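Lettering follows sequence order; numbering is per chain, from 1. Just so you know, these numbers come straight off a predicted model, no measurement behind them.
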2 protein chains.
Amino acid sequence: MTGKVIAAELKRRGFKLTPQRRAIIEVISHSQEHLTPADIYAKLKSKHSGIGLVTVYRALDVLERSGMLCEVHIGDGCRSYLKRPGGHHHHLVCKGCGKVVDFSDCELDDLEQRVTKETGFRIDRHLLEFLGRCPQCQAGRREKS
Amino acid sequence: MTGKVIAAELKRRGFKLTPQRRAIIEVISHSQEHLTPADIYAKLKSKHSGIGLVTVYRALDVLERSGMLCEVHIGDGCRSYLKRPGGHHHHLVCKGCGKVVDFSDCELDDLEQRVTKETGFRIDRHLLEFLGRCPQCQAGRREKS
DNA sequence: TAATAGATGAAAATCATTTTCAATTAGGCT
DNA sequence: AGCCTAATTGAAAATGATTTTCATCTATTA
């Protein structure tokens with residue numbers, strides 16, 4: 001997702017692309033891990049000084065509502081964010097280093113249909129995450145940075 | 001999960017089965033919905049007066065670590081709990097009334113193996129939840145109680 | 001029944017998140 | 001290029017959730 005696409009999407013929703021938001025998007029894009037608001041704030045302070053934690057919260061809200069980020073639930077808890085690739089996908093989270101790998105072929109349609117038939121629920125969406133250890137963390141003892 | 005089984009499991013871990021914990025387990029067992037600590041506290045206050053919110057937090061921690069409860073992530077956010085039936089299972093959450101239905105045949109083994117092969121991750125566990133509307137909420141407009 | 005490790009409740013402390021508000025700025029429009 | 005306006009920002013305060021502390025109490029085991 002390039003800068004132009006992001007700018008266009010924000011504009012379409014009446015949001016502005018400020019330097020602070022750019023910086024936040026950059027930090028998230030350059031990290032392989034899922035980051036909490038506090039993580040992002042910490043990474044920003046070392047470079048872009050002057051940015052406020054409140055701004056990070058507000059930017060995350062805007063970016064998530066615009067479909068540019070997604071949340072990770074498993075592992076450390078909630079409220080941690082990732083850059084979102086286009087389309088439906090799921091996460092594979094490493095509990096050693098926190099790295100997140102995406103995969104998209106979840107093939108839950110059959111299961112969804114079966115569950116729908118059994119329960120009568122109309123299913124809107126699903127949450128699927130795997131938790132494990134990445135190859136590097138299986139080998140050595142890398143800790144979360 | 002009967003009272004005796006619960007008592008035994010707590011004992012095995014060095015925890016005690018107090019009247020407060022009994023009451024908390026009872027509230028959770030009798031609800032079809034997932035309950036936050038504050039929800040549980042509110043339900044308890046109307047009957048078992050004198051119980052503290054702190055005790056609810058501590059009891060939830062103990063019960064979850066003993067495998068008697070599980071968390072629900074989708075929907076209202078995190079930190080809401082359910083009674084746990086034995087064994088591996090997943091949740092189907094109604095976004096109308098908050099009701100949670102379990103299902104156990106997730107059949108993710110194939111997918112797990114494929115993801116393992118592609119990424120080299122060793123997968124420990126997964127999180128799978130469906131969000132939708134239950135039959136009653138599709139018909140009428142029942143709101144969360 | 002006594003001993004004791006674990007549990008409780010109230011208050012205070014901590015941590016995360018949201019609100020308020022005055023000042024600033026991005027983006028659209030001349 | 002410069003103006004307008006609605007959106008955004010940062011600091012501080014407010015709120016809300018969760019944890020810690022500590023003195024007291026109690027469930028369990030001997």
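- As rounded to whole Å, 18 Å separates atom C1' of C:dG28 from atom CZ of A:F15.
- Partners of A:H126 under the side-chain hydrogen bond (donor to acceptor under 3.5 Å, both in side chains) rule, at least two apart in sequence or in another chain, are A:H88, A:H90, A:E112.
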Pairs under 3.5 angstrom, nitrogen or oxygen only, protein versus nucleotides 15-17 of chain C, please.
residue, atom, partner, partner atom, Å
C:dT17, OP2, A:Y57, OH, 2.2
C:dT17, O5', A:Y57, OH, 3.2

Without placing hydrogens or testing angles, list every side-chain donor-acceptor pair under 3.5 Å for residues 61-72 of chain A, not counting sequence neighbours.
residue, atom, partner, partner atom, Å
A:D61, OD2, A:R65, NE, 3.4
A:D61, OD2, A:R65, NH2, 3.3
A:S66, OG, A:V62, O, 2.8

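- Comment: B:E9 engages B:R13 in a salt bridge, judged by a side-chain N to carboxylate O separation of less than 4.0 angstrom.
- With ring centers used as reference points, B:Y57 lies 6.0 Å or more from B:Y41.
- Each end of the helix from C:dT1-D:dA30 to C:dT30-D:dA1 yields a helix axis from five base pairs, and these two axes differ in direction by 40° (to the nearest 10 degrees).
- Here C:dG28 presents its C1' atom at 18 Å from CZ of A:R12, a figure rounded to the nearest Å.
- The CZ atom of A:F121 sits 6.0 Å away from the NZ atom of B:K99 when rounded to the nearest 0.5 Å.
- Considering only side-chain N and O atoms, A:Q20 lies under 4.0 angstrom from the phosphate OP1 or OP2 of D:dG10.
- Where B:K11 and B:V54 each meet DNA chain D at their nearest nucleotide, the meeting point lying more 5' is that of B:V54.
- Looking at residues 58-66 of chain B, you'll see B:R58 sit with a heavy atom under 4.0 Å from some atom of DNA chain D.
- Between B:C134 and B:C97, the shortest heavy-atom contact is SG-SG, 3.9 Å.
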Output one line per pair: protein atom, nucleotide atom from nucleotides 22-26 of chain C, and distance, for all N/O pairs under 3.5 Å.
residue, atom, partner, partner atom, Å
C:dA26, N3, A:K16, NZ, 3.1

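- Residues A:D102 and A:H91 approach most closely at OD1-CD2, 3.0 Å, considering heavy atoms.
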